[in-house]
Structure formats: structure tokens, C-alpha cells
**Student:** 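Here you go, one structure.
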Amino acid sequence: MDIATDADLAQQFRAAMRRLAATVTVVTTREGDEHHGMAATAVTSLSVDPPSLLVCVNQSASMHDIVHRRQAFCINILGQQHGPLCEAFGGKLAGAERFKVGDWAEDDGGLRYLTDAPANIFCVMEQHHRYATHTIFIGRVQRIRLADQSDPLLYYAGGIGRFMPT
Ligand SMILES: Cc1cc2nc3c(=O)[nH]c(=O)nc-3n(C[C@H](O)[C@H](O)[C@H](O)COP(=O)(O)O)c2cc1C
């Protein structure tokens, strides 16, 4: 394998990341009466004791500073039926318009969650770490809603699809 020059590396990195399939989620948070949400695949389990995860959010994303201030967010894992949400929350729609796609409710803490998601994971933000363009938010899990069944919406090579067991 060739060693890339600096000039090539970003392009090759993008190409390599297109080969990293990931489940699509929508991260939600809230400030006052305003709800915010965006599509995110950079979500990773961190530890079971305590239950915790991380999500990487671009510092230019409109919800970035709100997660920072509010210190709470919900990870809504998307299922096969949620392709339109991936588009809407991925930037096709803006602000409150996004929540017109999908069936949303509010938990006791006021965070919006997708009622028919395979799972909703409610977190308090315990730590954050800024790196380059992004911030890693570490969420400590407070509560989980689980659907009986799960057929995840996967993002791969710039498109969405379905998990197929080998
Ligand atoms: C499938 C998919 C996955 C994404 N994953 C992330 C992610 O993990 N982190 C991130 O900061 N943006 C991610 N984005 C981009 C944001 O969802 C998008 O830029 C969004 O419009 C940001 O919200 P804003 O327009 O309100 O700033 C993803 C977009 C898509 C379509």
C-alpha cells in the first residue's frame, strides 16, 4: 500500500470512512422551548459500568453549543422505516421543520424522542473533549426505551441500507 502525501490524505481518509458502515441515529436536545436534532453516525458505546456512550458533534452544528449548555441529549437509533428522518435531520430540513418528519414525543426531562425507534438512549453529558473541528460528548445513560424489534438503518458509502447476516 502506498504512503499518502499530506495532500492526498484527507481525500483517502474520506474514501476509507465511506467503507465504515454505521447505524444512523438522531441526536436530540432542548433549550427552553426549542428542540434541536441532527443525524449522527459518530456514536459509540463507551462503557457498561457506568452505562455511557460518546457522540462526536461538529462544532459548526447548530446543536453543538446547546448540548454543551444543556448537558443532556437523547440518542434515537433509527430503523429501516426512518430513511426520511436521515435526510431531514442530516440537513435537508432546518430547525423545527425537522421534527415534522417522524413521530416524536417528550420524556419527563423534556427531551424529544422518536416513539418508534429501535432504541432511545437518554443521557446527561458528563464530559466533553474538543478535537479539531469536532467535540466528543460523553453521555452517561439515564434511561432507555427499547422496541421489541430492531432492523437498523445503516449508512454506508454515502447511502442507506440494511444489515444482512452472513
Ligand atoms: C448519515 C449522516 C450521519 C451524520 N453523522 C454526523 C455525526 O456523527 N456528527 C456530526 O457532527 N454531523 C453528522 N452529520 C451531519 C449533520 O447531521 C448535518 O450537518 C446537520 O445538518 C447538522 O445540523 P445543523 O444543520 O442544524 O447545523 C451526519 C449526516 C448524515 C446524513
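Whatever order the structure lists them in is the order used to number ligands and atoms, beginning at 1. Only this structure's heavy atoms are used, side chains among them; waters, hydrogens and symmetry mates stay out.
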**Student:** Among all protein heavy atoms, pick out the one at the shortest distance from atom 19 (O) of ligand 1; state its residue, atom name and that distance to 0.1 Å.
**Tutor:** Gly90 O, 4.3 Å
**Student:** Using a heavy-atom cut-off of under 4.0 Å, does the side chain or the backbone of Arg98 touch ligand 1, or both, or neither?
**Tutor:** side chain
**Student:** So which protein heavy atom does atom 11 (O) of ligand 1 come closest to, and at what separation?
**Tutor:** Asn58 N, 2.8 Å
**Student:** From the options His64, His68, His129, select the one residue that forms a side-chain hydrogen bond (donor to acceptor under 3.5 Å, both in side chains) with Thr135.
**Tutor:** His64
**Student:** In the protein, which heavy atom is nearest to atom 12 (N) of ligand 1, and how far is it?
**Tutor:** Met38 CE, 3.5 Å
**Student:** Taking only residues two or more places apart in sequence, or in another chain, which ones meet Glu34 in a side chain to side chain contact (heavy atoms under 4.5 Å, CB included)?
**Tutor:** His36
**Student:** For ligand 1, indicate whether the residue Ala94 contacts it via side chain, backbone, both or neither (heavy-atom separation under 4.0 Å).
**Tutor:** neither
**Student:** Can you name the atoms of ligand 1, numbered from 1 with element, that are less than 4.0 Å from a heavy atom of Ser62?
**Tutor:** 24 (P), 26 (O), 27 (O)
**Student:** Ligand 1 and Val57, any nitrogen or oxygen pair closer than 3.5 angstrom?
**Tutor:** no
**Student:** Could you tell me if the side chain of Val43 sits less than 4.5 Å from the side chain of Ile77, heavy atoms only?
**Tutor:** no
**Student:** Spell out, yes or no, whether Leu93 and Val24 are grouped together once hydrophobic residues are joined by side-chain heavy atoms under 4.5 Å, including indirect joins.
**Tutor:** yes
**Student:** Who's the nearest protein heavy-atom neighbour of atom 16 (C) of ligand 1, and how far?
**Tutor:** Ala39 O, 3.7 Å
**Student:** For atom 5 (N) of ligand 1, what is the closest protein heavy atom, and at what distance to 0.1 Å?
**Tutor:** Thr41 N, 3.0 Å
**Student:** Mind checking whether Cys56 has an N or O less than 3.5 Å away from an N or O of ligand 1?
**Tutor:** yes
**Student:** Within ligand 1, which atoms have a heavy atom of Gly91 less than 4.0 Å away?
**Tutor:** 21 (O)
**Student:** Distance to 0.1 Å, residue and atom name: give those for the protein heavy atom nearest to atom 8 (O) of ligand 1.
**Tutor:** Ala42 N, 2.9 Å
**Student:** Just which atoms of ligand 1 are under 4.0 Å from any heavy atom in Ala40?
**Tutor:** 4 (C), 5 (N), 6 (C), 7 (C), 8 (O)
**Student:** Under 4.0 Å from a heavy atom of Phe89: which atoms of ligand 1 are those, numbered in the order shown and with their elements?
**Tutor:** 17 (O), 20 (C)
**Student:** Is there a path of hydrophobic side-chain contacts, each under 4.5 Å between heavy atoms of I, L, V, M, F, W or Y residues, that connects Phe122 with Ile75?
**Tutor:** no
**Student:** Got a sec, which residues hit side chain to side chain donor-acceptor pair (under 3.5 Å) with Arg19, two or more places apart in sequence or on another chain?
**Tutor:** none
**Student:** Short question: side chain of Glu106, backbone of Arg112 - any donor-acceptor pair under 3.5 Å?
**Tutor:** no
**Student:** Give a yes/no verdict on a cation-pi contact between Arg145 and Tyr113, requiring under 6.0 Å between NZ or CZ and the six-membered ring centre and an angle within 45° of the axis.
**Tutor:** no
**Student:** Determine the interplanar angle of the Phe99 and Phe89 rings, folded into 0 to 90°, and report it as parallel if under 30°, tilted if 30 to 60°, perpendicular if over 60°.
**Tutor:** perpendicular
